[in-house]
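The next block holds one structure in the form of structure tokens; read it before the comments.
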Number of protein chains: 2
Amino acid sequence: MEFASKQEEQDYYQHVASEQEFLEWYKKQEHPIYQNPSVTVDMVLLCYNKSTDQIKVLLIQRRGNPYRNSWALPGGFITASESTGDSVIRETKEETGVTISAKNIEQLHTFSTPGRDPRGWVITVSYLAFIGEAILSAGDNANQARWFTLERKDNQLYLTSGEIEIILDLQTQKSLGKDDLAFDHNQIIIKAFNRIANKMAHEPQVLQVLGETFTITEARKVFAKFLGVDYRSIDHSNFKKSLLDFLEEVGERPAGVGRPSKLYRLKEDFREN
Amino acid sequence: MEFASKQEEQDYYQHVASEQEFLEWYKKQEHPIYQNPSVTVDMVLLCYNKSTDQIKVLLIQRRGNPYRNSWALPGGFITASESTGDSVIRETKEETGVTISAKNIEQLHTFSTPGRDPRGWVITVSYLAFIGEAILSAGDNANQARWFTLERKDNQLYLTSGEIEIILDLQTQKSLGKDDLAFDHNQIIIKAFNRIANKMAHEPQVLQVLGETFTITEARKVFAKFLGVDYRSIDHSNFKKSLLDFLEEVGERPAGVGRPSKLYRLKEDFREN
DNA sequence: ATAATAGTGTCTTTTAGACACTATCGT
DNA sequence: ACGATAGTGTCTAAAAGACACTATTAT
């Protein structure tokens, strides 16, 4: 086929040729792909330590520029053969050693404010996931991955690990302390936290941080952490009533002081997102 | 500065140099940008026609391959100087003539399944917005933009305009009729519809389709459309009670048969997303 | 026995829902 | 006057919340 101009050729394939012809032609063309953004994924991965009663979020320390030595969410660049969900699972595994199932991730938000990455045009798709404390050890220290405790006081979030303390304001989404997260990861964490707090009463997937089975009181403690209150201020009886629709009894926990507590797990329907 | 190899140079700037030095160096490099996906935005724009009692969604007919002549959501490729929110507002304006405010859009989901676009690697960030029927005429016919009525019957969505009828199953997200939407836009529309139906009782931004002011019965009719029921099956009194927290009275509508209805509008706090 | 923990039962308040009634308009 | 539309009031059932009580264990 002969064309008087490139424009005419394009017109032909776009508007006259069949879709199959168009695609064969399209794949042979040079594409102005230099205009495309880099796309990353980021994972807000939460767990809970029953013995210390602490919510934890997994962060990695960046080993290279930009934001070298800053703490950041695990994540990285996507590849063409994966969905963003697959990418974030792969990147989390690579950077932290933690394996997450595709069923247990939830897409949060896509961040694209110009200038959010000093390297240039980069947008990120953020995800949220919960894992039980059994996998807590998977944070690979050699690889700079560390669990930060996540504590809510009033309307501030405190992320702490050793000497490092990052303070985020839930309203303004600003960082208040001496330490800071890389990129706009403070916004992502706040988005995740608010999402969980707002919907946990109706969609209690957050209880996955308790592992396969848990007691009512453990669930109360997790809820209390996200509400920023003492767990005893949540009435045991009423709490149980409100959550029972989502739970099924699976036995008793024999050990410990006091009356043995019953063990529950999330019903199948609510274990996935 | 001299380096024995490119690898050594990269190591130096990533791990030794300051962030500023790194960024100056980084911007001079050739980047493997050929690996980047194209990123598009898509807008699910809904309105409501009071006289015909119909929810409508704005679609455009594609003039070029791929999916030439298929109907699709307005949208297009993003540019580096904008956030995806700004992009979708610009694209909607360009393709349909409809102006939307940044405050009135809500991000839905980012779709990235490999193969979702026959041209190659394309991911899309989808948005949702509502406009009052006053702007209904803005659908520019010369530009192939048209309002499709959106009707829920049981668990199917019917999108119709003239001869064209697109049927989507809310459960399976499959297209059931003879006509079909371009790309995975059926999934996007279903996502939007479910989002609205699930949260409208608590966040009734969907009432923006009624314009600035509206009556309780008009609001009932809009809710009924998303629930797929006759509006008279929703008790007027109870409905009003449940919504009154979000509304403020702004007068009376004098015209029409029957007792004059009071006019309400969404309180400031609930007008934005 | 007692403190600690956890589960159960009961009463009250609040909310949701069903339904009847009143008000205003056009014909 | 009457039908159509719309707003108000009331009663009941269900859900949420407060709080007291019972059960089991370790010390």
Side-chain angles (χ1 to χ4, degrees), chain A residues 48-53 197-204 207 210-211 213-227 229-265, chain B residues 48-53 197-204 207 210-211 213-266:
Chain A
Y48 172 76
N49 186 316
K50 291 183 183 179
S51 49
T52 59
D53 184 28
N198 286 333
K199 74 170 204 178
M200 64 186 180
H202 307 99
E203 297 176 33
L207 297 179
L210 290 164
T213 63
F214 49 85
T215 69
I216 296 293
T217 300
E218 284 165 354
R220 260 167 87 203
K221 285 179 177 171
V222 169
F223 269 51
K225 286 291 165 193
F226 283 95
L227 298 172
V229 300
D230 187 286
Y231 84 97
R232 286 163 296 188
S233 72
I234 301 174
D235 184 273
H236 180 103
S237 164
N238 298 331
F239 179 78
K240 184 178 174 178
K241 251 193 295 184
S242 74
L243 224 58
L244 221 51
D245 283 348
F246 307 108
L247 304 180
E248 53 192 9
E249 212 179 309
V250 289
E252 261 195 9
R253 175 168 297 164
V257 181
R259 175 171 177 173
S261 45
K262 290 181 181 167
L263 281 175
Y264 298 85
R265 70 169 172 214
Chain B
Y48 172 76
N49 187 316
K50 292 183 183 181
S51 50
T52 59
D53 184 29
N198 286 332
K199 73 170 205 177
M200 64 186 180
H202 307 101
E203 299 176 30
L207 296 179
L210 290 165
T213 63
F214 48 86
T215 69
I216 295 293
T217 299
E218 284 164 355
R220 261 168 86 203
K221 286 180 178 173
V222 169
F223 269 51
K225 285 290 166 194
F226 283 94
L227 298 171
V229 299
D230 188 287
Y231 83 97
R232 286 162 296 187
S233 71
I234 302 173
D235 184 274
H236 180 104
S237 166
N238 298 331
F239 179 79
K240 183 178 175 178
K241 252 194 293 184
S242 73
L243 223 59
L244 221 50
D245 284 347
F246 307 108
L247 304 180
E248 54 192 9
E249 211 180 310
V250 290
E252 260 195 9
R253 176 167 297 165
V257 181
R259 176 172 175 171
S261 43
K262 288 181 182 169
L263 281 175
Y264 297 85
R265 70 169 172 214
L266 278 172

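So you know, we letter chains A, B, ... as the sequences are listed, proteins then strands, and number each from 1.
Set against C/dC25, C/dA4, D/dA23, the side chain of A/Val257 has C/dA4 as its closest nucleotide.
The minimum heavy-atom distance linking A/Ser233 with A/Asp230 is given by the pair OG-O, 2.7 Å. Counting all heavy atoms, side chain and backbone alike, A/Asp235 lies closest to A/Arg220 at C-NE, 4.4 Å. Residues B/Tyr48 and B/Lys221 share a closest heavy-atom pair of OH-CB, 3.4 Å.
Just one residue in the list B/Val222, B/Leu227, B/Leu207 forms a side-chain contact (heavy atoms from CB on, under 4.5 Å) with B/Met200, and that residue is B/Leu227.
Rounded to a whole Å, the CG atom of B/Leu263 is 12 Å from the C1' atom of D/dA6. Distance B/Arg259 CZ to C/dA23 P: 8 Å, rounded to the nearest Å. Separating the CD atom of B/Glu252 from the P atom of D/dA6 is a distance of 12 Å, rounded to the nearest angstrom. We find that CD of B/Glu249 is positioned 10 Å from C1' of D/dG7, with the value rounded to whole Å. The separation between A/Lys262 atom NZ and D/dA23 atom P is 13 Å, rounded to whole Å. Nucleotide C/dA6 holds its P atom 14 Å from the CZ atom of A/Phe214, rounded to whole Å.
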Report the C-alpha separation of A/Leu210 and A/Thr215 in whole Å, then their side-chain angles, then the decisive distance to 0.1 Å, and conclude whether the side-chain contact (heavy atoms from CB on, under 4.5 Å) test is met.
CA-CA 9 Å; A/Leu210 290 164; A/Thr215 69; over 6 Å; no
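Across the helix from C/dA1-D/dT27 to C/dT27-D/dA1, the helix axis at one end is tilted relative to the axis at the other end by 10° (nearest 10 degrees, each axis from five pairs).
We find the OG1-CD distance between A/Thr213 and A/Glu248 to be 11.5 Å, quoted to the nearest 0.5 Å.
Atom NE2 of B/His236 has more than 12 heavy atoms from other residues, nucleotides or ligands within 6.0 Å.
Remark: B/Asp235, B/Ser237, B/Asn238, B/Lys241 in residues 232-242 of chain B come within less than 4.0 Å of DNA chain C through at least one heavy atom.
For A/Lys240, the salt bridge (charged side-chain N to carboxylate O under 4.0 Å, His left out) criterion is met by no residue, not counting sequence neighbours.
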